[in-house]
Structures are given as C-alpha cells and as structure tokens.
Amino acid sequence: AQSVTQLGSHVSVSEGALVLLRCNYSSSVPPYLFWYVQYPNQGLQLLLKYTSAATLVKGINDFEAEFKKSETSFHLTKPSAHMSDAAEYFCAVSDRANQAGTALIFGKGTTLSVSS
Amino acid sequence: KAGVTQTPRYLIKTRGQQVTLSCSPISGHRSVSWYQQTPGQGLQFLFEYFSETQRNKGNFPGRFSGRQFSNSRSEMNVSTLELGDSALYLCASSVRREPRDGYTFGSGTRLTVV
C-alpha cells in the first residue's frame, strides 16, 4: 500500500535560513507527488507537484523539490525562509497503479516555524 | 476566478444528529473529492465524485455519504454524529479525474460535535 512519511513534525529556522522539509514515499511504481501548505484556519494550497517530467520541480514562493527515485524521496527546500512561510506543510502521493489513484495519501505534516 | 467554496465554515452539532456540508467547485471542474482532517488521524480521503457518480471511496463507515449534482456541486452527509467526527472537512476539485493536474482545496468546514 502507498504511504508517505514526513520526517520531523516540527522544523524551526531563522529568517533567511535554508528550509528543508523531508518526505519519503513507498510505492510500487513511480507516483505523482505533491507538496501542499496550510495556513491556520485555511484549506490546502498546492506548492508544487511531480508528475514524471523533470525531477527538480519548482513551485510557488521560491519553493522547489527534487524527486529521487533511488531514495524514494521528495524533499522540499527553499533557499531563504521568510516569516510568512510559517505554516504546516504536507507531502502527498497519488497511486498511479490503480483506479484509486484519484485519492491523495497525505503525510502527517510538518509545522514550520520561522524566527526573526 | 472564484475558488472552491465550502459552506458553512463552522458548525456545532450534538451527538446523534446528522449534518450536511456543501461544496461548490471551481467553475468547469467536474471532479470533487472530500477529505477529513483531524489532529490524530491527519488528512484522510473520504470519497470522490465525478459526473454525479461516486468513483472512489475511502475507509469510512456508511454513516458518511455524499452526492454530486448536475452542476458539479457536491454535498456530504454524516448521520448519527459521534464525538470523533469532530474535524475539518475539506473539499477539493479538479477539471478531470487526473491526479497529475493537482487539486484545488476549499477552506473547509469545521465541524464540532458536542
């Protein structure tokens, strides 16, 4: 069965520092992978997605993620954190192997805190 | 362009009651999915509708049901509410049944069962 593991439920960085949020997946075939962000009392906003084109994916607000098949990872990075990046981040996978691929399987989430 | 609209935003219900939540997808989006978000279980897939038919269902009891109308608007219903049903219910829409497109989520309905 598909699964997603986000390492670290809470990550703290200083403003201007590198952001690295980790995501590993398990899948029998290369899946579609997504990163979503959720601000308090709001829904999920798509940051970026991997759909088997380029392995380095660029998203909104200078976020990017690299798909590494050998490591089954899809880590999210941002070169310089901003206070407004403080939020909860979710990695998700959809299963391309069967009809259930329309459902997203989410990781438990990582809360990013940014200090000045 | 209007986003995904969910109503109401907040709801308080008593155990044993039933509740109906509404979702209006982005214009032109025909696929609507529902997710439950709780602190303990995280985000879990409830079901997906496309062209007024349920196409996919998550592992939830039969108390959770939904439907989709010809204009793609969707409702989900929870009967015989339990305390554990307290959650943020999120609706997501997409143009077609293709996950590579990504989904657009609404702001959710916060349901509290007392």
Side-chain angles (χ1 to χ4, degrees), chain A residues 1-6 9-10 23 25 27 29-54 57-60 63 65 67 74 87-111, chain B residues 2-7 9-10 21 23-26 29-51 53-60 68 87-110 112:
Chain A
Q2 292 274 52
S3 67
V4 176
T5 302
Q6 290 184 242
S9 60
H10 199 148
C23 172
Y25 68 91
S27 174
V29 297
Y32 297 138
L33 291 156
F34 307 85
W35 275 100
Y36 282 88
V37 62
Q38 185 177 34
Y39 298 98
N41 296 317
Q42 292 189 28
L44 303 174
Q45 180 184 9
L46 181 64
L47 280 175
L48 47 78
K49 60 185 178 182
Y50 167 75
T51 58
S52 73
V57 181
K58 294 189 183 299
I60 62 173
F63 282 97
F67 173 71
F74 190 56
E88 190 159 20
Y89 293 79
F90 293 92
C91 181
V93 63
S94 66
D95 185 359
R96 297 170 64 183
N98 57 51
Q99 189 70 356
T102 51
L104 293 179
I105 298 169
F106 286 89
K108 293 294 188 183
T110 298
T111 300
Chain B
V4 178
T5 303
Q6 292 189 245
T7 56
R9 285 297 309 275
Y10 301 93
L21 312 181
C23 172
S24 293
I26 291 173
H29 284 201
R30 298 170 60 196
S31 174
V32 174
S33 299
W34 289 88
Y35 289 81
Q36 181 195 64
Q37 184 177 23
T38 61
Q41 299 299 316
L43 282 151
Q44 293 183 287
F45 171 74
L46 279 157
F47 28 63
E48 178 216 356
Y49 286 87
F50 184 84
S51 294
T53 302
Q54 187 181 91
R55 305 289 180 152
N56 198 1
K57 189 177 190 303
N59 189 25
F60 278 83
Q68 186 180 35
L88 179 66
Y89 290 88
L90 293 166
C91 168
S93 74
S94 62
V95 174
R96 49 184 182 156
R97 297 194 70 225
E98 180 49 73
R100 74 165 69 199
D101 293 344
Y103 298 99
T104 302
F105 282 80
S107 296
T109 293
R110 173 77 61 183
T112 302

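By convention in this document, chain letters (A, B, ...) are assigned in the order of the sequence lines, proteins followed by strands, and residues within each chain are numbered from 1.
Contacts between L90(B) and chain A at a heavy-atom distance below 4.5 Å involve the side chain alone, from C-beta outward. For a residue to count as touching a neighbouring chain, one of its non-hydrogen atoms must lie under 4.5 Å from one of that chain's; by this rule Q45(A) does not touch chain B. In this structure, the portions of L44(A) lying under 4.5 Å from any heavy atom of chain B include both its backbone and its side chain.
Looking at heavy atoms from C-beta onward, T102(A) lies in side-chain contact with Y103(B) at the 4.5 angstrom threshold.
Atom CD of Q38(A) and atom CG of L88(B) lie 6.5 Å apart (nearest 0.5 Å). Atom CG of D101(B) sits about 5.5 Å away from atom NZ of K49(A), to the nearest 0.5 Å.
Contact tally against chain A (heavy-atom pairs below 4.5 Å) for S107(B), G108(B), G106(B): the top residue is S107(B).
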Intermediate values then yes/no, side-chain contact (heavy atoms from CB on, under 4.5 Å), F90(A) and Q37(B)
CA-CA 12 Å; F90(A) 293 92; Q37(B) 184 177 23; 3.5 Å; yes

Would you check, one step at a time, whether the test side-chain contact (heavy atoms from CB on, under 4.5 Å) holds for F45(B) with I105(A)?
CA-CA 7 Å; F45(B) 171 74; I105(A) 298 169; over 6 Å; no

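Classification of the F106(A)-F105(B) ring pair by plane angle, with boundaries at 30° and 60°, yields perpendicular.
For the pair G102(B) and L46(A), the tightest heavy-atom approach, listed with the atom from each and the gap, is CA-CD2, 4.3 Å. For the residue pair F34(A) and P99(B), the shortest heavy atom distance occurs at CZ-O, 3.0 Å.
Using a distance-only test at 3.5 Å, with no hydrogens or angles considered, a donor-acceptor pair links the side chain of Y35(B) to the main chain of L104(A).
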